[in-house]
Protein chains: 2
Amino acid sequence: MRGNLFAVAVNLVVLTVRSNRLHALLIERGEPPFLGAWALPGGFVRPEEDLVHTAGRRLGEETGADTGHAVVGHLEQLASYAAPDRDPRGRVLSVGYLAFVPDMPEPTPGGGAAASAWCPIDAVPTLAFDHDRILDDGVERARSKLEYTTLAASFCPHEFTVTDLRRIYEAVWRTTLDPRNFQRKVTSTDGFLVPTTTLVTGGRGRPPRLFRRGPARALHPPMLRESHRVTDDAPSSETSTPIRG
Amino acid sequence: MRGNLFAVAVNLVVLTVRSNRLHALLIERGEPPFLGAWALPGGFVRPEEDLVHTAGRRLGEETGADTGHAVVGHLEQLASYAAPDRDPRGRVLSVGYLAFVPDMPEPTPGGGAAASAWCPIDAVPTLAFDHDRILDDGVERARSKLEYTTLAASFCPHEFTVTDLRRIYEAVWRTTLDPRNFQRKVTSTDGFLVPTTTLVTGGRGRPPRLFRRGPARALHPPMLRESHRVTDDAPSSETSTPIRG
DNA sequence: TAAATAGTGTCTTTTAGACACTATCCA
DNA sequence: TGGATAGTGTCTAAAAGACACTATTTA
């Protein structure tokens with residue numbers, strides 16, 4: 001078998017919406033390199049472990065899913081990053097994973113991290129390695145996935161209101177949506193939401209109904225965000241490359 | 001640095017449209033394992049080489065771009081595959097890349113392949129390793145990318161007619177589109193097509209105009225393929241995974 | 001001239017967006 | 001009662017789909 005050998009790591013872009021703002025889960029590195037710097041959570045792939053297993057394991061460790069806290073969400077592979085000089089220790093390929101989780105208590109650091117925290121997406125400091133780019137790619141993926149899938153519901157707990165769901169879209173897209181048109185759109189899209197009989201009392205206005213996520217995964221027609229630019233909006237990464245002329 | 005080490009390979013899903021059918025580029029393996037079986041072209045990532053460089057290099061070798069043949073197309077990262085038992089030689093992670101190229105002469109085998117050929121997508125035999133799944137993921141990605149990007153033009157040569165472009169959509173989606181509505185849609189989408197002054201004579205009807213690809217990359221509103229199922233249409237791979245309940 | 005393909009015009013249906021209006025809570 | 005939020009109805013504009021019709025070629 002030709003070729004040199006790589007260490008293979010998984011890094012997680014874990015997104016959630018807290019206080020109507022999109023946040024990412026960051027860890028403070030507890031060991032070199034980049035000791036003390038902020039980074040994406042992650043870890044090396046163990047022998048006999050598949051990529052998604054590593055990602056799920058580290059996600060559980062960081063979000064405290066192993067403490068019995070019920071986690072509903074979504075996990076998907078994002079992209080791989082393997083620039084020769086991206087890690088000073090040697091040749092390391094990192095597979096990025098993108099996770100959506102509902103708002104939950106403060107994270108519990110794991111995997112050799114000194115600390116961990118939810119950080120608003122527009123206040124993220126410079127990160128270790130090439131994690132800035134991985135994070136950017138993850139956020140961009142999240143923004144476009146909300147357009148044509150029902151994944152916004154992965155940011156919500158098991159039962160949620162239409163307004164809860166709208167706040168997800170507004171936070172991820174940094175925009176505002178008409179509450180009335182949004183309501184009609186999501187409740188009339190077959191399989192997106194399943195109504196319960198429960199109304200949430202205690203709020204300031206008419207009590208909203210609770211819904212659960214339905215079986216639909218694709219959104220047709222999609223939920224288009226406003227004024228998508230028509231010219232080049234390729235992500236920052238290599239993921240889109242024209243070949244010559 | 002903890003963790004065991006991996007060999008890292010790149011495998012290519014190279015798609016083209018020939019005779020109004022979607023084809024993939026396959027190679028016949030010239031060495032073990034899977035000697036004599038069909039597989040996706042690929043190769044190991046060299047020291048100091050980035051992933052996209054490996055992919056571009058192998059793409060050029062297989063399609064004969066190094067022979068001076070002008071290649072216009074598209075290359076993007078697809079996903080990574082690293083199941084512990086996917087390669088009998090040991091732990092190998094493969095990064096899938098997806099390429100769109102215009103129809104071109106028969107391929108010239110490279111990289112240790114015994115033979116190579118364009119194979120209609122619905123006539124692909126069982127492939128070596130987990131290449132069936134990589135191919136499936138690539139085809140599915142291609143189908144959905146044609147909906148909301150202008151990448152269909154990457155299958156066309158530098159100048160092409162509206163009918164040429166429509167045949168791409170029809171081949172990739174295995175459907176038929178109304179030629180008149182298609183014409184209006186693509187010519188009225190700002191930045192998709194740039195008209196030339198050339199008309200193609202010699203055909204059977206009114207000579208069509210040649211166009212070049214415009215600067216637009218995203219399609220807004222998207223070009224929706226018919227009757228997208230509303231329920232679960234997750235790809236075959238791990239790329240979409242719900243987390244618990 | 002007939003057949004074939006390119007391209008335009010127009011009508012209908014569907015959907016997005018704006019927004020009036022009703023419903024139901026709390027203070 | 002008034003303010004706030006939930007939810008429905010309705011109008012308009014934009015886009016998709018069906019398809020008649022014109023334009024320009026070859027056989």
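Hydrogens, waters and symmetry mates play no part in the numbers below; they use all other heavy atoms, side chains included. Note that the structure is a prediction, hence the values are computed from the model and not measured. Within every chain, numbering begins at 1; the chains are lettered A, B, ... in the order of the sequence lines, protein sequences first and strands thereafter.
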Looking at A:F211 versus A:F192, is the centre-to-centre ring distance below 6.0 Å?
no
Taking only residues two or more places apart in sequence, or in another chain, which ones meet [X] in a side-chain hydrogen bond (donor to acceptor under 3.5 Å, both in side chains)?
X: A:R180; result: A:D178
X: B:S94; result: B:N11
X: A:T16; result: none
X: B:N181; result: B:R184

Parallel, tilted or perpendicular, as decided by the 30° and 60° cut-offs, for the rings of B:H74 and B:F100:
tilted
Counting runs of three or more consecutive pairs, Watson-Crick or G-U wobble, with each distance below 3.5 Å, where are the stems of DNA chain C?
C:1-27 with D:1-27
Generate the contact string for nucleotides 3-13 of chain D. Rules: B means base contact, S means sugar-phosphate contact only, - means no protein heavy atom under 4.0 Å.
BBBBBB-B---
In whole Å, what is the span from the [atom1] atom of [X] to the [atom2] atom of [N]?
X: A:L219; N: C:dA16; atom1: CG; atom2: C1'; answer: 14 Å
X: B:D178; N: C:dT5; atom1: CG; atom2: C1'; answer: 14 Å
X: B:L177; N: D:dA18; atom1: CG; atom2: C1'; answer: 14 Å

Would you say that more than 12 heavy atoms from the other residues, nucleotides or ligands in this model lie under 6.0 Å from the CZ of B:R174, or not?
no
Does B:K185 make a side-chain N or O approach to OP1 or OP2 of D:dA15 shorter than 4.0 Å?
no
Looking only at side-chain N and O atoms, does A:R213 offer a donor or acceptor that is under 3.5 Å from a partner on A:S154?
yes
